[in-house]
Amino acid sequence: MTLTAPAPSRLWSPDRRWPTTGILLLVTLVAFEVMGVGTAMPTMVRELEGEALYAWPFLANLAASVIATVFSGRLSDRRGPKPSVLIGVSLFLAGLVVAGVAETMTVLLVGRVLQGFGVGFLIVAIYVLIALAYPESDRPAVFGALSAAWVVPSLVGPAVAGWATEHLSWRLVFLAIIPLVLIGSVLLVPVLKGLPPHDAAPPQRKYLPLAAVAVGVGVASLSWALQHRTWWLLAVALLLLAPALRILLPKGTLLARRGLPVTILARGLLAGTFFAVEGFIPLTLTVVHGYSPLEAGIPLTLSALGWASASMWASRHPEIQRYTLVRVGFLFTATGMAAVTLIAPSWGPAWLTPVLWALAGAGMGMATSSVGVLMMAASPEEDRGFNSAALQISDMLFAATMIGIGGVLVVATAPTAGVVVLNLSMAALAVVGAILTGPRMRATLEP
């Protein structure tokens with residue numbers, strides 16, 4: 001089947017206006033929570049006397065999110081997205097309340113775990129809901145809008161969270177968004193009520209709950225082990241992940257098998273390479289070039305704008321094959337990553353960084369939304385939840401791995417040398433992604 005849709009998108013037609021608003025509002029609030037917590041975390045742990053546990057609110061949230069992603073996928077395949085949406089919203093709200101009123105580090109950790117479970121359930125359910133509520137011709141526009149929903153939080157989330165933490169209270173980072181989460185949830189009620197009866201019978205998959213826990217603990221352990229160079233923990237993480245991923249990812253994913261497997265792999269390669277490089281751009285600009293934190297954040301802001309702009313542009317051109325956009329997106333990101341290597345030395349043209357990283361962001365915007373469309377096109381109704389979960393797992397696994405490897409390189413060598421090796425390695429891996437896509441992804445659209 002070919003994704004050609006001359007008719008305009010109906011995302012904002014009267015019958016779709018409120019569901020679209022609800023979906024985008026919830027995704028925006030999830031993104032704001034992700035962006036804002038990092039800014040407020042130093043103040044949180046200092047006030048709660050938990051400096052020794054600084055990394056754990058992030059790792060606990062990550063592990064919970066991965067585990068919930070798997071359970072949400074299974075539940076959505078068995079009963080449709082409605083139960084997962086309700087569970088996800090309830091857990092996310094509970095986590096916001098618990099974290100917002102926390103008086104000890106233990107309670108904060110409980111809140112972060114609940115938020116992670118909520119986000120994991122919710123994101124997968126939203127993917128399945130999109131497949132049911134929007135025709136295939138409108139899905140490029142929906143996934144483009146989802147990408148754009150991260151832009152405002154990327155631009156203002158850290159600044160708003162920082163201002164609230166400094167002048168009011170860090171608790172507002174959690175508590176202030178609760179009313180908006182409730183509004184977004186209410187807006188989804190009509191579309192959830194109008195879903196057709198769910199009668200798909202998902203295939204039986206053995207050991208799924210055990211694999212979910214193993215991959216959640218494994219991803220968090222992998223992140224910790226790479227960041228702290230704890231090699232015995234790295235070995236444990238790999239022992240947990242190896243069998244779990246065979247259960248939780250489509251067969252042949254890590255071998256880039258044609259069709260759905262290479263599509264899932266592409267999402268991981270995009271996230272891993274891009275975020276590994278982006279994580280060290282502010283460090284390079286501040287340490288090597290003497291930029292202020294505000295100046296060092298400008299490339300990330302322009303990258304977010306490039307991401308959203310390219311995603312929305314791609315959604316307005318359904319006549320372009322999605323696998324072509326994925327390949328072009330990989331090449332854009334590879335170019336941006338290779339080019340920002342020039343800023344690693346002190347003599348490098350640091351002033352070019354915003355333009356170069358906006359190019360990489362544009363590549364991500366074109367590719368990630370297109371991967372979502374291709375994944376849905378290749379997913380029968382009984383496997384939409386499983387495949388949506390696999391997409392998220394691939395994203396989180398590769399991002400945690402590549403960011404951790406980047407940290408090892410930068411710490412183990414001189415910062416400039418480590419950044420050069422990291423950037424060029426990630427650019428080469430993105431080129432591999434471009435080579436693997438195209439004809440291999442075309443199989444997702446074949447009947």
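Just so it is clear, the structure is predicted and the values come from calculations on it, not from any experiment.
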Looking at every heavy atom in both [X] and [Y], which two are closest together, and how far apart are they?
| X | Y | result |
| --- | --- | --- |
| T341 | P345 | O-CD, 3.6 Å |
| A367 | G329 | CB-CA, 4.1 Å |
| L248 | A211 | CD1-O, 3.5 Å |
| I67 | G216 | CG1-CA, 3.9 Å |
| A360 | G336 | CB-CA, 4.2 Å |
| N61 | G116 | ND2-N, 3.3 Å |

Strictly distance-based, threshold 3.5 Å: is any side-chain N or O of [X] a donor or acceptor partner for the main-chain N or O of [Y]?
| X | Y | value |
| --- | --- | --- |
| T353 | A350 | yes |
| S185 | V181 | yes |
| S84 | P81 | no |
| R112 | A60 | no |
| S76 | G73 | no |
| R322 | I320 | yes |
| Q115 | G95 | yes |
| S72 | A68 | no |
| H289 | W351 | no |
| S394 | I264 | yes |

Give, for atom [atom1] of [X] and atom [atom2] of [Y], the distance between the pair rounded to the nearest 0.5 Å.
| X | Y | atom1 | atom2 | answer |
| --- | --- | --- | --- | --- |
| L96 | I177 | CG | CD1 | 4.5 Å |
| R267 | T263 | CZ | OG1 | 11.5 Å |
| L374 | N387 | CG | CG | 12.5 Å |
| L109 | L114 | CG | CG | 11.0 Å |
| T368 | L391 | OG1 | CG | 9.5 Å |
| L188 | L129 | CG | CG | 6.5 Å |

Test log, rule side chain to side chain contact (heavy atoms under 4.5 Å, CB included), inputs K251 and R246
CA-CA 7 Å; K251 188 176 180 179; R246 290 176 60 87; over 6 Å; no
I'd like to know whether CH2 of W232 has more than 12 heavy-atom contacts from other residues, nucleotides or ligands below 6.0 angstrom.
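Count not over threshold, so no.
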Return yes when atom CZ of F332 has more than 12 non-hydrogen atoms of other residues, nucleotides or ligands closer than 6.0 Å, and no otherwise.
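12 or below, so no.
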Applying side chain to side chain contact (heavy atoms under 4.5 Å, CB included) between V213 and each of L210, V215, V217, report the one that passes.
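Answer to the side chain to side chain contact (heavy atoms under 4.5 Å, CB included) test with V213 among L210, V215, V217: V217.
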Verify side chain to side chain contact (heavy atoms under 4.5 Å, CB included) between I87 and L75, making sure each step is shown before the conclusion.
CA-CA 11 Å; I87 292 172; L75 182 60; 3.8 Å; yes
Side-chain heavy atoms of [X] within contact of [Y], under 4.5 Å:
| X | Y | value |
| --- | --- | --- |
| E278 | S303 | yes |
| L25 | L29 | yes |
| L422 | V419 | no |
| L241 | V219 | yes |
| F330 | L436 | no |
| L91 | F117 | yes |
| F274 | L270 | no |
| M376 | Y127 | yes |

Between F398 and L269, does the side chain to side chain contact (heavy atoms under 4.5 Å, CB included) criterion hold? Intermediate values first, please.
CA-CA 7 Å; F398 276 83; L269 291 176; 3.9 Å; yes
W357/V277 under side chain to side chain contact (heavy atoms under 4.5 Å, CB included): CA gap, chis, key distance, verdict
CA-CA 10 Å; W357 205 235; V277 174; 3.5 Å; yes
